[in-house]
There are 2 protein chains.
Amino acid sequence: MPLWIDDEADERPRVPLSRRRVLRAAVELADQAGLDALTMRRVAQELGVEPMSLYHHVANKEAILDGVVEMVIGEILGAVEGEEGPDPAGDWQAALRWRILAAREVLLRHKWAPGVIQTRSSISEAAIAYYEGVLGILRAGGFTYDLAHHALHALGSRAMGFTQEMFEPDNPDDDMDPAMLEQMGMKYPHLAGMMAAIAHEAPETTLSWCDDNTEFSFALDLILEGLERRRLG
Amino acid sequence: MPLWIDDEADERPRVPLSRRRVLRAAVELADQAGLDALTMRRVAQELGVEPMSLYHHVANKEAILDGVVEMVIGEILGAVEGEEGPDPAGDWQAALRWRILAAREVLLRHKWAPGVIQTRSSISEAAIAYYEGVLGILRAGGFTYDLAHHALHALGSRAMGFTQEMFEPDNPDDDMDPAMLEQMGMKYPHLAGMMAAIAHEAPETTLSWCDDNTEFSFALDLILEGLERRRLG
DNA sequence: ACCTGAACACCGTTCAAGT
DNA sequence: ACCTGAACACCGTTCAAGT
């Protein structure tokens with residue numbers, strides 16, 4: 001057992017703490033260990049520092065949550081502004097779809113983020129900038145401000161790539177034991193029928209039969225088409 | 001100070017604890033004091049009992065959260081099944097809109113519920129029953145099971161009346177101090193333009209310019225119309 | 001059987017003290 | 001100035017004990 005593997009002795013040559021370093025550690029922690037692991041004490045531990053040291057760089061835990069949201073939306077903003085999407089003056093639907101799917105890709109790397117974002121009461125500047133971009137696309141596509149406003153509400157959190165399903169999507173073992181499925185046919189004939197129909201159509205997917213990306217795109221296109229009709233009508 | 005006002009001496013004639021009573025107390029507590037107040041210790045206090053007594057009727061706090069979700073969705077189910085809505089065979093859109101708006105009305109009485117529902121990993125039986133009803137409406141309206149399945153995903157949590165906005169809707173003081181609004185015109189011209197356009201159109205509403213019900217209905221109708229178009233081919 | 005009290009391992013946070 | 005240690009007021013929960 002060589003001594004020089006000791007991973008606590010020389011934790012990097014003393015890079016000083018900073019708000020940014022605290023928030024980066026917090027995001028990494030949530031990515032790796034889930035939102036429940038995001039405690040002041042564990043963030044401090046990750047940084048090799050005493051819990052109380054954090055308070056010199058962030059006001060409190062709420063400020064950390066505000067901060068990680070800021071970082072994630074910043075990452076989204078970087079993704080949509082770093083690359084060139086379709087020209088909104090030519091095809092606003094393609095442009096908006098591109099932007100939203102880019103945002104969604106970032107959120108898939110931070111699955112805990114939507115839940116936190118929705119608990120924030122004030123809108124971060126990064127979010128404002130993102131929405132400004134969405135509005136720009138709609139305007140370039142010929143929307144009045146009034147219709148664009150309705151459009152923002154209609155998209156809701158989906159405008160930033162949120163999935164909006166009723167229950168946690170990441171739960172692979174959504175049980176359904178055979179006995180329960182048996183009696184489901186009696187009490188819930190339509191649900192049983194739907195599952196049978198879909199299992200028949202795509203038998204390879206057993207029972208995790210819903211492809212997230214397909215369903216997200218279906219819903220998004222539905223809304224975009226509806227908005228286009230409102231715009232023309 | 002009359003003695004008989006003492007509100008701790010004879011807390012009701014000893015009605016025994018039960019799972020149902022625990023859950024009802026939990027729902028009431030969340031309604032009145034918010035989700036943060038929903039702790040084992042406060043629920044117990046509300047029932048005039050020691051915290052540990054709760055564990056004889058619910059497994060742990062997770063079970064309480066599962067339970068309050070069950071109660072709220074049960075209330076939704078009662079609302080949609082207690083009254084007769086439009087006939088889905090005649091107008092499936094009207095029938096589904098009626099069902100969803102009824103669910104939404106219940107959720108407005110339990111604003112904390114959507115956040116909790118979305119943290120549950122397993123689907124409660126009450127939720128299954130609600131969705132069975134939605135599917136029944138779609139089928140009566142002539143949907144294939146396949147399209148009905150897409151429809152459920154497209155509606156997502158909106159199928160149960162969820163608002164799906166990006167940020168907490170109940171925050172009335174979404175600040176926007178004039179100075180910030182001033183420079184917003186420079187950095188975010190489209191947002192500034194939109195706010196100006198809408199303030200012009202509905203000057204009485206100052207800056208809480210978004211009527212939740214209007215926006216919810218706009219989005220819902222957009223989706224229902226889109227689904228109808230898909231159904232017709 | 002149902003309820004209780006003390007205790008444990010965790011939180012976020014305050015405060016006074018160190019360098 | 002930045003970081004620390006002890007302490008406080010809260011959590012959820014285990015366990016052994018009461019009735």
Side-chain angles (χ1 to χ4, degrees), chain A residues 8-30 32-70 112 115-116 119-122, chain B residues 8-71 112 115-116 119-122:
Chain A
E8 217 166 33
D10 60 342
E11 282 266 337
R12 304 273 162 79
R14 263 281 157 243
V15 38
L17 224 48
S18 70
R19 179 180 135 88
R20 224 189 144 60
R21 232 158 72 74
V22 170
L23 296 183
R24 274 209 296 107
V27 169
E28 266 172 45
L29 188 59
Q32 287 162 18
L35 191 60
D36 287 344
L38 189 53
T39 69
M40 301 299 277
R41 284 163 146 97
R42 283 212 52 183
V43 172
Q45 185 184 314
E46 222 68 24
L47 290 162
V49 122
E50 294 299 311
M52 293 315 105
S53 304
L54 303 178
Y55 286 85
H56 290 274
H57 302 95
V58 293
N60 49 33
K61 188 174 179 183
E62 280 301 290
I64 288 196
L65 293 179
D66 287 343
V68 295
V69 164
E70 193 186 311
W112 49 271
V116 180
T119 66
R120 302 300 88 196
S121 52
S122 63
Chain B
E8 217 165 35
D10 61 341
E11 280 269 339
R12 307 270 163 81
R14 263 280 159 245
V15 37
L17 224 47
S18 70
R19 178 180 135 89
R20 225 187 143 62
R21 232 158 73 76
V22 170
L23 297 183
R24 273 210 294 108
V27 169
E28 266 172 45
L29 188 58
D31 286 343
Q32 287 163 18
L35 192 59
D36 287 344
L38 189 54
T39 69
M40 300 299 277
R41 284 162 146 96
R42 284 212 51 184
V43 172
Q45 184 183 314
E46 221 68 24
L47 290 161
V49 123
E50 294 300 311
M52 291 316 104
S53 303
L54 303 179
Y55 287 86
H56 290 274
H57 302 95
V58 292
N60 49 33
K61 188 173 180 183
E62 279 302 289
I64 287 195
L65 293 179
D66 287 342
V68 294
V69 164
E70 193 185 313
M71 297 222 83
W112 49 271
V116 180
T119 66
R120 302 300 87 199
S121 53
S122 63

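- Applying the side chain to side chain contact (heavy atoms under 4.5 Å, CB included) rule to A:Ala33 yields the partners A:Leu29, A:Ala37, A:Arg42; only residues at least two apart in sequence or on another chain are considered.
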Less than 3.5 Å apart, which donor and acceptor atoms pair up between the side chains of residues 49-57 of chain A and the rest of the protein, not counting sequence neighbours?
| unit_1 | atom_1 | unit_2 | atom_2 | d |
| --- | --- | --- | --- | --- |
| A:Ser53 | OG | A:Glu50 | O | 3.3 |
| A:His57 | NE2 | A:Leu17 | O | 3.4 |

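- In this structure, B:Leu38 and B:Leu65 have side chains that are in contact, with non-hydrogen atoms separated by less than 4.5 Å.
- One atom, CD of A:Glu50, and another, P of D:dT4, lie 5 Å apart when rounded to the nearest Å.
- Here A:Ala25 pairs with A:Val43, A:Leu47 under the side chain to side chain contact (heavy atoms under 4.5 Å, CB included) rule; sequence neighbours left out.
- Rounded to a whole Å, the CG atom of A:Asp36 is 14 Å from the P atom of C:dC10.
- Shortest non-hydrogen contact noted between A:Ala26 and A:Val68 is CB-CG1, 3.6 Å.
- One finds a side-chain N or O of A:Ser53 lying less than 4.0 angstrom from the OP1 or OP2 phosphate oxygen of D:dT4.
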key: Bracket string, DNA chain C, 5' to 3' - pairs by Watson-Crick or G-U geometry under 3.5 Å, | interstrand   = .|.|||||...|||||.|.
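- Look at CZ on B:Arg19: it is 15 Å from P on C:dC2, rounded to the nearest Å.
- Residue A:Gln45 contributes atom CD, which lies 11 Å from atom P of C:dC10 at whole-angstrom precision.
- Here A:Glu70 pairs with A:Arg19 under the side chain to side chain contact (heavy atoms under 4.5 Å, CB included) rule; sequence neighbours left out.
- Between B:Asp36 and B:Trp112 there is no side-chain heavy-atom pair separated by less than 4.5 Å.
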task = Starting at the 5' end of nucleotides 12-19 of chain C, put B wherever the base has a protein heavy atom under 4.0 Å, S where only the sugar-phosphate does, and a dash everywhere else.
result = BBB-----
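- In this structure, A:Asn60 has no side chain to side chain donor-acceptor pair (under 3.5 Å) partners at least two apart in sequence or on a different chain.
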